[in-house]
2 protein chains.
Amino acid sequence: MPRTSDISQKLIMLRKAHGLSQRKLAKRSGVSNGTISIIENGGNLTVSMLKKILNGIPMSLSQFFAEDVVGNDPKIFFSKTELTELSEGGVSFKQVGGDLYGKAIQLLSETYAPGATTGHHALRHDGEECGMILTGYLTVTVGEKTQTLGPGDAYYFHSSAPHSFKNDGIEVCRLISACTPPTF
Amino acid sequence: MPRTSDISQKLIMLRKAHGLSQRKLAKRSGVSNGTISIIENGGNLTVSMLKKILNGIPMSLSQFFAEDVVGNDPKIFFSKTELTELSEGGVSFKQVGGDLYGKAIQLLSETYAPGATTGHHALRHDGEECGMILTGYLTVTVGEKTQTLGPGDAYYFHSSAPHSFKNDGIEVCRLISACTPPTF
DNA sequence: GTAATGTGTTTAGTATAATGAGCAAGTTAC
DNA sequence: GTAACTTGCTCATTATACTAAACACATTAC
């Protein structure tokens with residue numbers, strides 16, 4: 001048996017993040033304390049066992065195995081500025097690190113609710129733009145080209161080309177994009 | 001043992017969707033055929049076993065447990081270019097959408113293994129740089145300022161200031177950053 | 001016909017996941 | 001001090017996940 005594993009590391013992290021000892025977690029999840037110890041040291045475990053343990057966190061299997069995604073509750077910004085939000089019609093733009101107007105680059109954290117769109121009259125402005133889908137699916141139209149992108153997919157284009165975004169999926173789409181120069 | 005379960009149902013669906021018999025899937029994933037049968041009838045199974053089986057589909061644990069059962073294989077890059085990786089010493093830079101040298105902007109998907117660093121002799125180059133932590137923690141030093149950032153946190157600075165990155169945590173740190181102009 | 005392949009299931013044996021008590025070390029209280 | 005409590009880990013025992021081979025039933029070939 002391996003000395004450690006991704007699962008064990010993740011469990012340890014989760015347990016400690018919730019301020020629980022092995023015994024407390026064992027009690028909460030109805031598992032023996034010895035089992036927790038073995039698993040945290042890299043032992044194998046059944047899916048149902050993992051489910052029971054996560055139940056004491058609490059957390060779902062889906063959450064546990066989720067490709068990690070942007071955290072919520074924004075905190076300190078190293079850039080000393082706040083994160084500002086511009087939201088309308090299910091589309092939300094968050095200017096990461098605050099408004100950097102006048103700077104050469106702007107990072108945005110965007111979310112598109114299911115069905116949300118920037119509108120079919122496409123946007124046009126100066127600069128360049130690229131982004132990467134974190135979760136969900138987004139249909140991107142640039143000029144006459146349309147592509148539906150999923151997690152891990154990316155786009156890049158000159159902003160002078162007419163472009164629009166739409167979430168045709170059933171789940172929220174989140175992405176990170178960068179554009180230059182800032183247009184907001 | 002239950003006569004059926006969500007996991008077994010999902011596995012059956014997946015196997016059939018790929019036109020595989022129990023024996024074929026067993027062969028592909030290096031598992032005994034009997035085990036497949038038992039599991040499909042609701043038997044319990046270890047996480048590593050599930051991983052092995054999914055390996056023959058193929059599918060990741062993350063995908064298997066994902067809430068959405070939408071299509072997979074994200075591959076196409078809307079920018080028509082490939083994602084290239086530059087990795088050394090636990091630090092990995094992935095140029096999202098390929099090398100955009102000559103363009104005004106470059107999006108990077110970066111990962112820092114626990115303990116990994118860009119080196120204490122700080123980097124200096126032209127342009128501006130900003131990024132956002134997705135998972136894990138990263139200690140960012142710019143000039144004389146040092147800050148440890150977590151998920152959702154962001155940084156922004158002029159690249160001409162000496163800067164370095166280090167993962168002091170115990171888990172992998174992943175972030176998305178954008179810089180201009182590209183320096184790779 | 002029956003021989004050869006395919007399917008999913010069952011079974012005996014073995015490897016190992018899980019239990020719960022007990023261990024050693026470290027805090028805190030008094 | 002030492003008594004009460006915590007921490008995580010170890011160990012014999014029990015429960016069970018997993019294997020490999022055999023089973024029962026199909027379909028196809030000749």
Side-chain angles (χ1 to χ4, degrees), chain A residues 1-65, chain B residues 1-65 69 114-115 136-137 168-172:
Chain A
M1 91 180 99
R3 190 48 150 274
T4 181
S5 76
D6 2 342
I7 288 182
S8 64
Q9 287 307 307
K10 211 163 182 175
L11 278 174
I12 293 172
M13 190 190 67
L14 280 169
R15 175 173 64 79
K16 293 192 171 175
H18 285 256
L20 296 171
S21 67
Q22 289 185 345
R23 278 185 152 83
K24 282 180 184 172
L25 177 55
K27 195 77 175 288
R28 285 168 61 108
S29 50
V31 176
S32 73
N33 52 340
T35 302
I36 303 279
S37 174
I38 289 168
I39 288 170
E40 289 194 354
N41 283 301
N44 204 350
L45 79 170
T46 60
V47 176
S48 57
M49 171 59 64
L50 176 58
K51 194 172 179 179
K52 276 172 73 177
I53 294 175
L54 290 177
N55 210 30
I57 297 285
M59 171 176 273
S60 70
L61 281 168
S62 162
Q63 286 176 293
F64 183 80
F65 284 109
Chain B
M1 85 180 105
R3 187 49 149 275
T4 181
S5 76
D6 4 339
I7 288 183
S8 63
Q9 288 306 308
K10 213 163 181 173
L11 278 175
I12 293 172
M13 189 191 68
L14 280 169
R15 176 173 63 78
K16 294 193 172 176
H18 285 255
L20 296 171
S21 68
Q22 288 185 348
R23 277 183 151 85
K24 281 180 184 171
L25 177 56
K27 195 76 175 288
R28 286 168 62 109
S29 50
V31 177
S32 75
N33 52 338
T35 302
I36 303 277
S37 174
I38 290 168
I39 288 169
E40 290 196 353
N41 282 302
N44 206 350
L45 78 170
T46 58
V47 176
S48 58
M49 170 59 64
L50 176 58
K51 194 172 181 181
K52 275 173 73 176
I53 293 175
L54 290 177
N55 210 31
I57 296 285
M59 171 175 272
S60 70
L61 282 168
S62 160
Q63 287 175 293
F64 183 79
F65 283 108
V69 203
Y137 293 85
D168 285 320
I170 57 167
E171 50 174 327
V172 170

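Note that this is a predicted model, so its numbers are computed, not measured. A, B, ... follow the sequence lines: proteins, then strands. Residue 1 opens every chain.
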Check whether any side-chain N or O of B:Gln22 sits under 4.0 Å from OP1 or OP2 of C:dT7, and answer yes or no.
-> no

Picking from D:dA20, D:dC9, C:dA18, which would you name as closest to the side chain of A:Ile39?
-> C:dA18

Residue-phosphate contact under 4.0 Å: A:Arg15 side-chain N/O, D:dG8 OP1/OP2 | yes

Is any side-chain nitrogen or oxygen of B:Asn41 closer than 4.0 Å to OP1 or OP2 of C:dT9?
-> yes

Indicate the atoms forming the closest heavy-atom contact of B:Ser29 with B:Lys52, along with that distance.
-> CB-O, 3.0 Å

Minimum heavy-atom distance A:Leu20-A:Arg15, with the two atoms named | O-NH1, 2.9 Å

May I have the distance from B:Ile38 (atom CD1) to C:dG8 (atom C1'), rounded to whole angstrom?
-> 12 Å

Rounded to the Å, how far apart are B:Lys51 NZ and D:dC18 C1'?
-> 19 Å

Nearest-Å distance, CD (B:Glu40) to C1' (C:dT10)?
-> 15 Å

Taking atom P of C:dG6 as reference, at what distance in whole Å does atom CG of B:Leu25 sit?
-> 16 Å

Taken to the nearest whole Å, CD1/A:Ile36 to P/C:dG20 is 13 Å

Just to confirm, is there a sub-4.0 Å distance from OP1 or OP2 of D:dT10 to any side-chain nitrogen or oxygen of A:Ser37?
-> no

How is B:Thr35 classified with respect to the nucleic acid when contacts are heavy atoms under 4.0 Å: base, sugar-phosphate, or nothing?
-> base

So which heavy atom on B:Phe65 is nearest to which on A:Val47, and how close?
-> CZ-CG1, 4.3 Å

Any idea which of C:dT19, D:dT19, C:dT9 is nearest the B:Asn33 side chain?
-> C:dT9

Test item: side-chain donor near acceptor, A:Asn44 and B:Ser48, under 3.5 Å | yes

Side chain of A:Arg23: nearest nucleotide among D:dC18, C:dC23, C:dT19?
-> C:dC23

Which is true for B:Ser21 with a 4.0 Å heavy-atom rule: it touches a base, it touches only sugar-phosphate, or it touches nothing?
-> sugar-phosphate

Nearest-Å distance for atom pair NZ/C1', residues A:Lys27 and D:dC5 = 14 Å

When you match B:Leu45 and A:Lys24 each to their closest nucleotide on DNA chain D, which lands nearer the 5' end?
-> A:Lys24

Let me know the distance between CG of B:Asn44 and P of D:dA17, rounded to the nearest Å.
-> 5 Å

Nearest-0.5 Å distance, CD1 of residue A:Ile12 to CD1 of residue A:Ile7 | 12.0 Å

Whole-Å gap separating P (C:dA17) and CD1 (A:Ile7) = 12 Å

